[in-house]
Amino acid sequence: MHGINREVAAQLRLMGDLLEILGEESFKIRAYYRAADSVDRLEKPVPEMDEAELRTLPGIGVNIAGKIVEYTRTGVIHELEEIASSVPATLVELLDLEGVGPKTVHTLWKRMHIDSVEALESAAKNRRLRSLRGFGAKKEEAILRAIGRRRRDTGRMTRLEAEAVIARLAPFFSETSFTIAGSYRRGASTIGDIDIVTTEPVERVTPKIRSVADEVLDEGDRRISLRTGGRRVDIRFTGQGNAGTMLLYLTGSQQFNIRMREIALERGLKLNEYGVTERENGTIHSFPDEASVFSFLGMAFIPPELREDHGEIKLALSHALPTLLTAADVKGDLHVHSSWSDGSMSIEQIARLGEEIGYEYIACTDHSASLGVAHGVDREDLRRQQQEIERINRKTECAVLAGVEVDILGDGNLALPDAVLGDCELVIASVHSGFNQSEDVITRRLLSAIHNDHVDIIGHPTGRLLGKRMPYAVDVERIIDAAADTGTALEINASPYRLDLDDIYVRRAHKHGAILAIGTDAHHREDAAVMRHGIAIARRGWCAKSDVLNTRPLKDLREWTG
DNA sequence: GCCGTTTTCGGCCCGACTGTTTTCAGTCG
Ligand SMILES: Nc1nc2c(ncn2[C@H]2C[C@H](O)[C@@H](COP(=O)(O)OP(=O)(O)OP(=O)(O)O)O2)c(=O)[nH]1
Ligand SMILES: [Mg+2]
Ligand SMILES: [Mg+2]
Ligand SMILES: [Zn+2]
């Protein structure tokens, strides 16, 4: 997300944290957190918006809009500075500890002058906390464990890591008895924990699960939470009869659940994970699947990828949701590397792989040779590779497209001359260097690539590496508009380490007339399967089939590339 | 603090689990 928006969201969150510690009313706190979320998912930088426009955003009213404007003008929010000055700076860090919330922090601070994690740790070790009302030996231990966990905290998972955790747990369930829910099911690009709904009886699963648990966090009749391999897993147990509302609940998102429950409320109904209750007479309705819940509420089925309370609920109520693209719509992969650069597949292996998957085409897009790129292809390599591709294409069902992933150099020029690019069937242009340049410089580099007639796709447009490297500074809005103007596609790089563009920008891109291209960036045979992650992101970005280039049959794709 | 074809004031999702409690507050999903 845009740097300045991240800053503003953090300020609003800090405001919420501080007010909460100070004991402010909970709905006011929620308002600040909601507003922060709203800014977080905004594709447009807030300094470009005036107060009136800010107020059109959900959860942002006259008060918070004013604070945002104040921050973008002066770099501070007065009220926040004032509140912050009355509270030790390190106090909010206590909230990061699992099991430590605003009330606890308030008590620790006011009654024991504890204002940092270090101070808390020493107080807990010395058994001083138990003298406080509401604190005992177990709480001291829990706090010490939470401090230990925080030290080992490894952040959010990639979808790949999430799948590794799921694979470890799957053998403990019978095939049809469990569903992965939470952010994984919603197709999110990073995953906080693994959430599972199961119809298995508690007593059958728990012993097996315990055997792989580093630690059981809590355990009851209806839920167990544990850590395995350093990762949190939440399991909810349910009967078949109300598996629908349980899955709906655990899939979320939180904001989606709240909005759905509000809608039920407006109709005199109470929605929870066990069913729908008529408030008037207590009649309970149970649902074995999600579809019947939506139908009961008079709504179209909302695909998990859309469940964020970003407008989908309203559209579902009027049965006006878009039809999202599906895996079956995808006709090929537009970004694959071969052994001619840093991949491991031969051209023939790529073609055979495409046949196995059932693709009509795969674009072979090796890295161009330039300074710092290992094993890049040059003009001569490409000429020979194109001959090889022609030879292979004569005997295989899946067409290999002779493409290239050309570097956008530091000065905005491409690493290969136009004449060479002109001989390629598909040109991806990507930034692989100069990540620390200013927003202006990087944006201009990308714009000049977009305006090159030979460039078909901008690869991984923001350059992020999940958990490793933030996106480079780039004006994505301008990139999207230029892509729309020139008919250049923007990539959804499906690598689970990238997922770039991400959902928010994908949605903006096709709304503004740009087309998306999903590519796996596969370097090895097994990487081709990451297409599913790219599809999830496209769906989260509200893409219909027509918004995505590689849903087109080969003939149409060839026409498009010209 | 935000919001509105039931409201411009008075609501704002609902429940599981833990610890410390003699009946529930706090935190989290
Ligand atoms: N009704 C309701 N449901 C919630 C609330 N918090 C969480 N949930 C539901 C929806 C979430 O998707 C689901 C799982 O919670 P998680 O904390 O694991 O969040 P989620 O998986 O969405 O994101 P994550 O990637 O794990 O951070 O539980 C809440 O406050 N109210
Ligand atoms: Mg989760
Ligand atoms: Mg969870
Ligand atoms: Zn690349």
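Since the model is a prediction, treat every value here as computed from it, not as a measurement.
If you check dA16(B), dC28(B), dC14(B) against the side chain of L265(A), the one that comes closest is dC14(B). Comparing atom distances between the Y274(A) side chain and each of dT18(B), dC28(B), dA16(B) picks out dA16(B) as nearest. For K139(A), taking side-chain heavy atoms from C-beta onward, the closest of the listed nucleotides dG19(B), dG1(B), dT18(B) is dG19(B). Relative to the side chain of N63(A), the nucleotides dC2(B), dG26(B), dG29(B) differ in distance, and dC2(B) lies closest.
Only the P atoms considered, dT20(B) is 14 Å distant from dG26(B), to the nearest whole Å. Atom P of dC17(B) sits at a distance of 22 Å from the matching atom of dT21(B), rounded to the whole Å.
Contact annotation for E273(A): backbone-only contact, meaning every heavy-atom pair under 4.0 Å involves sugar-phosphate atoms and none involves a base. Nucleic acid contact class of E98(A) (heavy atoms, under 4.0 Å, all strands): sugar-phosphate only. Across all strands, A137(A) comes closer than 4.0 Å only to sugar-phosphate atoms, never to a base (heavy-atom distances). Counting non-hydrogen atoms under 4.0 angstrom, N272(A) reaches the backbone sugars and phosphates but no base. Contact annotation for L97(A): backbone-only contact, meaning every heavy-atom pair under 4.0 Å involves sugar-phosphate atoms and none involves a base. Within the 4.0 angstrom heavy-atom criterion, base atoms lie near I258(A). Among the heavy atoms of the strands, none lies under 4.0 Å from R145(A). S26(A) comes within 4.0 angstrom of no nucleic acid atom, judged by non-hydrogen atoms across all strands. Residue contacts shown for R236(A) are limited to sugar-phosphate atoms, with no base heavy atom under 4.0 Å away. Within 4.0 Å of L57(A), counting heavy atoms only, lie sugar-phosphate atoms of the nucleic acid but no base atom. Backbone-only engagement by R232(A) is indicated by non-hydrogen atom pairs under 4.0 Å involving sugar-phosphate atoms exclusively. Residue contacts shown for L250(A) are absent, as no nucleic acid heavy atom lies under 4.0 Å away.
When both pairing distances are held under 3.5 Å, dT8(B) makes no Watson-Crick or G-U pair with any nucleotide shown.
A side-chain donor from one of T158(A) and E161(A) sits under 3.5 Å from a side-chain acceptor of the other. Using modelled atom types, one finds no donor on one side chain facing an acceptor on the other under 3.5 Å when comparing R540(A) with S189(A). Residues N242(A) and T238(A) bring a donor and an acceptor atom of their side chains to less than 3.5 Å of each other. A donor atom on one side chain and an acceptor atom on the other are not found under 3.5 Å apart for T245(A) and E273(A).
Put simply, CG on N257(A) is 16 Å from C1' on dC12(B), counting in whole angstrom units.
For R30(A), a side-chain nitrogen or oxygen approaches OP1 or OP2 of dC13(B) to under 4.0 Å. Taking only side-chain nitrogens and oxygens, K270(A) comes nearer than 4.0 Å to OP1 or OP2 of dG15(B).
The cationic atom of R307(A) (NZ for Lys, CZ for Arg) lies less than 6.0 Å from the six-membered ring centre of F301(A) and within 45° of the ring axis. Note that R223(A) lies outside the cation-pi zone of F237(A), set by a 6.0 Å cut-off to the ring centre and a 45° limit from the axis.
Residue side chain R223(A) does not reach the base of dC17(B) through any donor-acceptor N/O pair under 3.5 Å, judged by distance alone. A donor and an acceptor atom never sit less than 3.5 Å apart when one is taken from the side chain of Y249(A) and the other from the base of dG15(B).
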